[in-house]
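Chain identifiers are assigned alphabetically (A, B, ...) following the order of the sequence lines, protein sequences preceding nucleic acid strands; residue numbering begins at 1 within each chain. The figures here come from the full heavy-atom set of this structure, side chains too, leaving out hydrogens, waters and symmetry mates. Note that the structure is predicted; figures quoted are calculated from it, not measured.
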There are 2 protein chains.
Amino acid sequence: MSKVINIKSIKVSCSQCSLSQLCLPRNLDHEDFEALSSIVKRERPLLKGEPLFELGQPFKSLFAIRTGSVKVFLPTNEGDEQIVGFHMPGELLGFDGMGHDSHSCSAVALESTSICELPYNRLQDIARELPSLTEHFMTLMSNEIADEHAMMLMLAKKSAEARMATFLLSLSARFSKRGFSARQFNLTMSRHDIANYLGLAVETVSRIMTHMQDAGIINVDRRFVSIENMDGLRGLAGFTSTSPVCAEHHE
Amino acid sequence: MSKVINIKSIKVSCSQCSLSQLCLPRNLDHEDFEALSSIVKRERPLLKGEPLFELGQPFKSLFAIRTGSVKVFLPTNEGDEQIVGFHMPGELLGFDGMGHDSHSCSAVALESTSICELPYNRLQDIARELPSLTEHFMTLMSNEIADEHAMMLMLAKKSAEARMATFLLSLSARFSKRGFSARQFNLTMSRHDIANYLGLAVETVSRIMTHMQDAGIINVDRRFVSIENMDGLRGLAGFTSTSPVCAEHHE
DNA sequence: CGGCCTATTGACGCTACTCAACATGAGTGG
DNA sequence: CCACTCATGTTGAGTAGCGTCAATAGGCCG
């Protein structure tokens, strides 16, 4: 009996989910929450390496991350991949397929990851009664566009060291926003993934992390990162002390 | 009197505009066109270098390009800019501000450019009666996301030569789509802008264009480009100059 | 313990940047 | 019409940053 209750407790309403402020509009009333909760599908968690969606698959849903993390990537014509984003709890994925038949990129879990699936046709039904939902998706999409602009700037102009510093600051800010420490966290992605995302070689990422450690900016032990000198890191990233930590929204 | 008629003739309806198939949904009837036409503002054309909108300005409208072209860019903290896109007739701009108070990037005209301004609050009114309009904007935004993913791949992985080739092919395809030659066109942007966009130095862009000309792939005279060997250009766009396939078989 | 995968470190080379000189064209004024 | 200037583009020489290749170390799991 207690088991049944446990299973039910997993299927919490969106109104009780601490992440809803990240993936849903803020002005929802109880009824709105119920309508949204009723269409959310929660399958078993994905294991590390399992795809959330893949390039070319029909677009049917948006996906919100509850726990875990995900990488989004394109195939390259040399047979490997280009990672275009990492996503953590509270973030919505799948906008690439919005208004299209199929997804234009792939997403796989970086660790055990639980997901809320939001079937798009059901979302459209709700959005008809709830214009702020459409508005909210627009906001999230334009955030994604702004993030990608910032990423293009980084890839086009910044040095390897500045890219790495910016990446760590971005993770720090996102962990912090979710109530975790801004100074200490575990990377959920491999060095290979980091290098791929930042347009660098794995060896370069490795070297830069040791340089930063030698300079007393960070401490690294495998995937555990501890930021020892936040201002120093901001300096490496190319930000003045008054400029924003990073341009990333990732709500 | 004839002058008045001329001025009026500039204010054509969207239904008569050959570009409407690019910036508006396809299933519109006469009434829809009239509703949209009635809210479109057409100011005097922008001169070269004049801003269409600027970072931080309140977001009030989307903008469609009628004639001319525009570059969109972010400021860098070194004081210069990073160009994140070029836009030509039939394309809609300003999605970066959607769902926000203000624009997250700037746009300036590269040449004399005439614009249709679409006030966003009026658009929302129309969209309430015309769901396919919202759907269309979603499609355009997700296209923009997909384009930026492709750009990130390019900046992270491709050689200077491949970037330049990809850029020329992209222009070619876009001119072609608008009824112009896919093989001959004028660049509306300077070498400086091209280099900035592609994350290269101006000198590199210049050298690569001469190399391509020497190889018989293109002909360049100032801003006029003529593609002499489309397949050759596609080859350059797909493989790095050091990749085995190119080095072995295409010396 | 042994195999495998991920990460680190070093040596070397290449791509593309920087610096600098020069060429060309557009615009201006005499 | 030419001379002048300024902006834009081209070309060359030298170099730095980062990638490639290769060897080694360390953690994880059967």
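Across all strands, B:Arg163 comes closer than 4.0 Å to no nucleic acid atom at all (heavy-atom distances).
The side chain of A:Leu200 approaches D:dG19 more closely than any other nucleotide in the set D:dG19, D:dA22, D:dG12. Closest to the B:Ala160 side chain, of the nucleotides C:dT9, C:dA16, D:dG27, is C:dA16. In the set D:dT10, D:dG19, C:dT9, C:dT9 carries the atom at the smallest distance from any side-chain atom of A:Ser206.
Between the CG atom of A:Leu187 and the P atom of C:dT6 there is a distance of 15 Å, rounded to whole Å. A:Asp193 has its CG atom 12 Å from the C1' atom of C:dT6, to the nearest Å. Going from atom NZ of B:Lys48 over to atom C1' of C:dG27 covers 12 Å, rounded to whole Å. The distance from atom CG of B:Asn196 to atom C1' of C:dC17 is 15 Å, rounded to the nearest whole Å. Taking atom CG of residue B:Asp221 and atom C1' of nucleotide D:dT8, one finds them 14 Å apart after rounding to whole Å. Atom-to-atom, CD of A:Glu78 to P of D:dT20 comes out at 11 Å; the value is rounded to the nearest Å. Taking atom NE2 on A:His211 and atom C1' on D:dG17, their separation rounds to 12 Å, with Å as the unit. Atom CZ of B:Phe224 is separated from atom C1' of D:dT8 by 19 Å (rounded to the nearest Å).
Between the side chains of B:Ser69 and B:Glu111, at least one donor-acceptor pair of N or O atoms lies under 3.5 Å. Of the N and O atoms on the side chains of B:Ser226 and B:Glu228, at least one donor lies less than 3.5 Å from an acceptor on the other residue. In the model, A:Glu117 has a side-chain atom that pairs as donor or acceptor with a side-chain atom of A:Ser61 under 3.5 Å. Inspection of the A:His211 and A:Glu161 side chains reveals no N or O donor paired with an N or O acceptor under 3.5 Å.
Contact annotation: B:Arg223 side-chain N/O to D:dT8 OP1/OP2 distance is not under 4.0 Å. OP1 or OP2 of C:dC17 lies within a sub-4.0 Å distance of a side-chain N or O belonging to B:Thr204. Side-chain nitrogen and oxygen atoms of A:Ser159 include none within less than 4.0 Å of the OP1 or OP2 phosphate oxygen of D:dG17. In terms of phosphate contacts, B:Arg191 brings a side-chain nitrogen or oxygen within less than 4.0 Å of OP1 or OP2 of D:dT10. In terms of phosphate contacts, A:Thr210 brings a side-chain nitrogen or oxygen within less than 4.0 Å of OP1 or OP2 of C:dT9.
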> Are B:Met141 and A:Glu144 close enough, and set up right, to give a side-chain contact (heavy atoms from CB on, under 4.5 Å), and what steps lead you there?
Replying inline: CA-CA 10 Å; B:Met141 287 179 91; A:Glu144 188 160 332; over 6 Å; no
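In this model, no side-chain donor or acceptor of A:Glu161 finds a partner on the base of D:dC18 within 3.5 Å. No hydrogens or angles were tested; on distance alone, a donor-acceptor pair under 3.5 Å links the side chain of A:Arg207 to the base of C:dG10.
Positionally, the nearest nucleotide of DNA chain D for B:Val220 lies more toward the 5' end than for the other of A:Val205 and B:Val220.
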